[in-house]
Structure formats: C-alpha cells, structure tokens
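Read the structure below first, then the notes.
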Amino acid sequence: MKRTTISLIAVATALAAVTGFASLTAPDGEPTTEAAAPARLPVERSSLLCPAPSSADLAETRYTSFTPVMKAGAEDDAEDGAAAGEAAGDGADTAELRPSAATLADPAAAPADKDGEAEKDEENDKDTADEARKPVSDKPLLALKEPGKPVSAEESGGQAPALVGTATGRLAPGWTAQQTTAVSAGSGRGLLGVSCTAPDTDFWFPGASLADKRQDYVHLTNPDDTAAVVDVELYGKDGVLKSTVAEGIPVPGGAGLPVLLSTLTADRAEDVTVHVTTRTGRVGAVVRSAEEDSGSDWLAASADPAGTAVLPGIPADATSVQLVAFAPGDDDAELQVRLAGATGTITPAGAETLHVKSGMTASLDLKDVTRGEAGSLVLGPAEGRRATPVVAALRVVRGEGDKKEVAFIPAAAPVGQRATVADNRAKGSQLSLVAAGKAAEVKVTASAGTEGGTQVVKTYSVKAGTTLAVPAPVPAGLKGSYALTVETVSGGPVHASRSLEIAEDGIPMFTVQTLPDDRGMVAVPEAEQDLSVLDD
C-alpha cells in the first residue's frame, strides 16, 4: 500500500475561495473543538449579469469592466488561493462579459403552475425555446487583462443583448462592471446607469410604479444552462396586488427576459414594491423605468431588509425627492426620517416620520429637501419604537418643465472593506460619502483610464452624521473612462454613491450608483490537520 496525504487547508481554501463557505471535521466525523480565527483570502470566482440596455434605436451604451489591485500582502494570499483553485480545477485569470444566448422580446412564455412546471402550451413553449437558441458570437464583448486597468466597449441601437460574465483567479476579487446608456430622444430618453449584478435568488425593488405615465420592466437574466423559474410579487399601498401570471415565470438558460410590470396585474398603483424570488435557479434582476415627462433610468435592488437604512447621494439641485418604503415582515414600521448634509443631520420639516404598514408600500414626498446642499437620507426607528426591517428607495428628479430627468437611489449596504464603481468620466462624476454614525476616514483610488492615465489616491475624512460630496478624483493624464475604488480606513461604517451627469440640450441627464462592499474577500478557517487517504 502507499499513503497519500492531502492538506485539509488546501481543500478548505479551495471550497471557500469558490463558494465562500468551508467547514472542518475530524477524521472520526466529530467537529473539531478548537478553531483558529479565520483568515481572509481573495475569492477565486465571481459572476456578473448586465440587463439588455435599451430598445431605443438612438441608444448608445458603454460597458466598462474593472478589477481593483489587491492590497500589499494580499498577493501571497491570492497565490495560495490560486493554488487551491488549481486543485479544484480552475486556476486561470479571466474576466469576460459575453452576450447572453438571447434576450426575449417579451414575456410570451407561459407561466409555470404551482408546482413550478410550465403550462402545457406547446406553441408558446416552441417560440420561447426558438428564441433562446438564437445564435450569438462566442467572442466576449469585454475581456479584462489585468487588475487596475479598466477596459470598455460600446454598442449602438436597441438590439444589444443582456450580458453574462465570469471572472476567475486574480481578476475575481472585487470584479465590477458598469453599463451606461444615453438615449437622446423618445420615450426612453435619459441617462441610464447600472452596476451589473451578481446572480441571486431574492431581490426587493421599492420605488417601481404602475402609473399610466410610467413603463416599468423588471429585467431577469439567467446565467446558468438550465432554466430558472421566477415569481414576481407586487405590493401597493393596500397590500399585495392580485395577479394570475406573476408566478412561475420561466427564464431560459443563458437568456435575458424583460417583463412589463403592468402586464402582471389589472390593478394600478402609483407606488409599488416589486419582490423577485426564484423557485429554481438564480437570476440577475433590475428594474428599468421610463416616464413620459421625466426621462428614464434603472432602479437597482435595495439592500436587504434592515431596521436602519442609508440612501446616499441626493444631488444638491434636486427639484423633487420621493421616498418609497416597504416592511416585509409581520410588524409595522415607524421610521424617523433624517437628512445628513455637509455639516450635520437634520429632520426635514413636515416629513419627520413615515409609518409603513406590514406588507404595504408607503411613500413620502420630500420635495426639494436638499435645497442647494447635497445630502443623504438616513432612516431608523422613531423615538421609542423598536427597529423593524424595511427596504427603501428614492425617486430623484433634477430640472423642471420639459427639461427634467429622473434617477433612483436604493438603500445601500455599507462600503465595508472595499467597493468599486466603473465608468467615471473626466467631468460630471461626483462621489458622496456618508458617515451616518461615527466619523470615518476613507481612501479613494481613481484607477488608470481605459485608454491611458495614471492612478490617483486621495484620503477623505467624513465627520459623524454628515455627507461629504466631492468631485470624483481624476487620474493624471486621463484618457477614456476610469474606476473609483473606496476603502474604509478607520472609524464607523461608510455608505457611498457615485453620480454621473452628461447634460444634453439643457437637460441635466444623470444616474446614481451605490457602492456596497464588493465581497472580494472570504473568511477561511485555519487548520493544521491532514486528511490521510489510503490507496492500494
């Protein structure tokens, strides 16, 4: 007999680097009683999904892909993780975004029955399958070469598909992609920006609408080879909206599917919360909203339900701000509404609190709450009330009359260790940093440009209870667009957003993206024990 020894830490590292989870047991099957503090290693695989950008012929879309450079000392960890990844069968450094197999023109696919199986409508099944098998090029639209240097590509017209992508090796930790679309005229006119999302099984979108003047689509993108089955629930001010077609929506493998919300229910509601869940599989989900007189933009998912919420980056010149909130649990929420500005936190007069009934969507008109000073909204339990989990978003309008433009700001998770947003421009990019509790120090890195330039690093101090709104730092000798990476150096939690403005014909077209933690690092338990395998 020969004796082969496999290091348990290599196995655990491979599992954690790929899946973000690892567990340790002794050879006899009993859990180990001693556990060292977990080490943090870079993830070895990341996935991103970008929705089909627009159906407008005048649409001009720029995609930007970027992975930040790891901190000094993390390179060795990355090499260890890469070795473990090679043991698991994947050690390459790649980051590619490719067109999805198809972007279906409409939700014509028959919904599944209560057991998750598609209704037996053979004609619809055939049409859906044919659409999903449309041939596309195998060539990636964007292929990132190395950390620290973003790449970009552009598409014109309304036929650009949804994108699916995967990053591995050194390009996986913190990988981000931005999709920015400018539509100069027509019903979809506006600047539409969205950070491409990781696939998941649960999304909340407060701030959608079924009003006659709005057309809101939820875009579903399936990254996997097998079909996903999706439920879409709609909640208005009086609770759930009745629907016969929102359950069991099939999304073919590798395909994108836009679903017009107004086709899911006969009810009409001004303010709606959309809840997307999957019965099988996983999807990327984001809502595209278009208004008759205020332009269009993407509404990204709110941070997970929580007793407090921060909505960062309301522009100084906002002419209309509307808060929409939803309480998904069994209890009502009584929220205190505060505005964190440049010098401190205030309670807006006439908008001190918002009562949110369980399972119902509530809204609050904040009008021009910033009044010339950029700020962020901070929600928490009203005095004497317990914290009740909520999701929330802001609808923000700049401009007046026929020169208005709309954007959305969902409740954001903290920056945490690091967060990144791509596709910043030399002009029109502004960064908002919010310290809702304790003061904090933040490091901001402006990467090299897609076509040239040298990175610039700046450090900012954010006072407790304030929003620091600054023009985004710009790389020296910038050519093209660039990425911003925000890192918390010290102090309390920081929330952040980036606004991008590209004015056209007197219209202040803009879009806002929040910067949650990029989850580029994973905790891996340390172990010294070996697993011994006996081979004949």
Side-chain angles (χ1 to χ4, degrees), residues 17-18 41-51 53 61-71 74-75 77-79 81-82 85-86 90-100 136-155 160-181 193-199 221 223 254 284 418-425 445-456 475 478-487 498 500 513 515-522:
V18 175
L41 297 179
V43 299
E44 280 293 309
R45 186 179 181 87
S46 298
S47 297
L48 290 177
L49 305 170
C50 310
T61 300
R62 177 184 293 183
Y63 301 93
T64 309
S65 174
F66 177 77
T67 294
V69 177
M70 286 181 289
K71 292 181 179 179
E75 291 287 350
D77 292 338
E79 290 177 3
E86 289 173 1
D90 186 4
D93 296 336
T94 62
E96 296 179 344
L97 284 167
R98 298 173 179 272
S100 61
V136 295
S137 171
D138 289 335
K139 183 179 179 181
L141 178 68
L142 273 181
L144 193 62
K145 301 299 183 184
E146 60 182 295
K149 293 186 178 180
V151 295
S152 65
E154 297 185 355
E155 291 280 314
L163 302 181
V164 297
T166 301
T168 60
R170 294 185 309 131
L171 298 177
W175 183 44
T176 187
Q178 170 77 13
Q179 174 180 294
T180 308
T181 303
V194 64
S195 295
C196 300
T197 60
T221 308
R418 183 185 64 188
T420 299
V421 62
D423 194 18
N424 301 280
R425 316 289 175 93
T445 302
S447 75
T450 53
E451 300 174 21
T454 305
Q455 78 167 28
V456 169
L478 172 66
K479 294 182 180 179
S481 61
Y482 66 101
L484 284 170
T485 298
V486 178
E487 298 173 82
R498 183 285 312 266
L500 176 63
Q513 279 72 57
L515 281 76
D517 188 289
D518 64 22
R519 296 183 295 181
M521 305 290 286
V522 63

A side-chain contact here means heavy atoms from C-beta on lying under 4.5 Å apart; do Leu144 and Glu96 qualify? no
Quick one: does any side-chain atom of Thr168 pair with a main-chain N or O of Thr94 as donor and acceptor, under 3.5 Å? yes
Pair Thr180-Arg425, side chain to side chain contact (heavy atoms under 4.5 Å, CB included): steps then yes or no: CA-CA 11 Å; Thr180 308; Arg425 316 289 175 93; 4.0 Å; yes
So do Pro42 and Met70 actually touch side chain to side chain, heavy atoms under 4.5 Å? yes
Classify the side-chain pair Thr445/Thr485 by whether it contains a donor and acceptor separated by less than 3.5 Å. no
Under a 3.5 Å cutoff, is there a donor and acceptor pairing between the side chains of Trp175 and Thr420? no
Can you confirm whether Leu141 sits close enough to Leu163 that some side-chain heavy atom of one is under 4.5 Å from a side-chain heavy atom of the other? yes
Taking the side chain from Glu487 and the backbone from Ala419, do they hold a donor-acceptor pair closer than 3.5 Å? no
Minimum heavy-atom separation for Val69 to Gly148, with atom names? CG2-CA, 3.6 Å
Stepwise side chain to side chain contact (heavy atoms under 4.5 Å, CB included) test for Tyr63 and Glu155: CA-CA 8 Å; Tyr63 301 93; Glu155 291 280 314; 3.8 Å; yes
In terms of heavy-atom contacts, Gly449 and Tyr482 come closest through CA-CB, 4.2 Å
Spell out, as yes or no, whether a donor-acceptor pair under 3.5 Å connects the side chain of Ser46 to the backbone of Ala167. no
Within-4.5 Å side-chain heavy-atom neighbours: Pro147 and Phe66: no
So which atom in Asp518 and which in Gly174 form the shortest heavy-atom distance, rounded to 0.1 Å? OD2-CA, 3.3 Å
Looking only at heavy atoms, the pair that brings Pro53 and Thr61 closest together is CB-OG1, 3.5 Å
Does Arg519 use its side chain to pair, donor to acceptor, with the backbone of Pro173 at less than 3.5 Å? no
Non-hydrogen side-chain atoms of Pro51 and Val194 separated by less than 4.5 Å: yes
Spacing of Asn424 atom CG and Leu484 atom CG [to the nearest 0.5 Å]: 4.0 Å
Any side-chain heavy atom of Gln179 within less than 4.5 Å of one from Asp423? no
Do Ser481 and Arg62 touch side chain to side chain, with heavy atoms closer than 4.5 Å? yes
Exam field: side chain Thr450 to backbone Ser152, donor-acceptor pair closer than 3.5 Å: no
Just how far is it from atom OG1 of Thr64 to atom CG of Leu142, taken to the nearest 0.5 Å? 7.5 Å
Less than 3.5 Å apart, any donor N or O on the side chain of Ser195 or Gln178 sitting next to an acceptor on the other? yes
Under 3.5 Å donor-acceptor, Asp93 side chain and Arg170 backbone: yes
Indicate the atoms forming the closest heavy-atom contact of Gly254 with Ser100, along with that distance. O-CB, 3.1 Å
So do Pro199 and Pro223 actually touch side chain to side chain, heavy atoms under 4.5 Å? yes
Indicate the atoms forming the closest heavy-atom contact of Leu49 with Gly284, along with that distance. CD1-N, 3.2 Å
